[in-house]
Amino acid sequence: QVQLVESGGGLVQTGDSLRLSCVASVSAFSSYGMGWFRQAPGKEREYVAGISWTGDNKYYGTSMKGRVTISRDNAKNTVYLQMNNLEREDTAVYYCGADYKGWGASTESSYEYWGQGTQVTVSS
């Protein structure tokens, strides 16, 4: 059983940067691809970024492409999402997930475990 806990969200202004973290509770973390999704009020859950189990392959959704970087540290059982030049439209709950297929895919069905989410609010 894998438990994922996100942190790093908060209230920021437009143009600011924020780094989210997701820590897994077990050492089997390195066998999973990892992904970040977000969900704003009244919106569908949206793919932000994914990373393969080796960390060699990274993928990005269209909405935040060019403004986010995903990375992982398997020794710390942690995946990160660096977000830059934040916009009001980025306000959402951000979730990390563990992809049993190992890719960090954009499809929600690939993810076996999910964290509780961390709130990001961007104001002007």
Would you compute the distance between atom [atom1] of [X] and atom [atom2] of [Y] and round it to the nearest 0.5 angstrom?
X	Y	atom1	atom2	answer
L18	Y94	CG	OH	9.0 Å
I70	N57	CD1	CG	11.5 Å
D16	M83	CG	CE	10.5 Å
M34	Y80	CE	OH	11.5 Å
N85	R67	CG	CZ	6.0 Å
E46	E108	CD	CD	10.5 Å

To check you understand the geometry: which heavy-atom pair defines the closest contact between [X] and [Y], and what is its length?
X	Y	answer
Q116	Y95	O-CE2, 3.5 Å
G9	V120	CA-CG2, 4.1 Å
A92	A40	CB-N, 3.8 Å
D99	K101	OD1-N, 2.9 Å
Y60	A49	CD2-CB, 3.6 Å
S17	Q82	CB-NE2, 3.9 Å

Please walk me through it: do Y59 and W103 pass ring pair (Phe, Tyr, Trp, His ring centres under 6.0 Å)? CA-CA 9 Å; Y59 311 96; W103 292 104; 7.0 Å; no
Between F37 and Y47, is there a side-chain heavy-atom distance shorter than 4.5 Å?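 A side-chain contact under 4.5 Å exists here.
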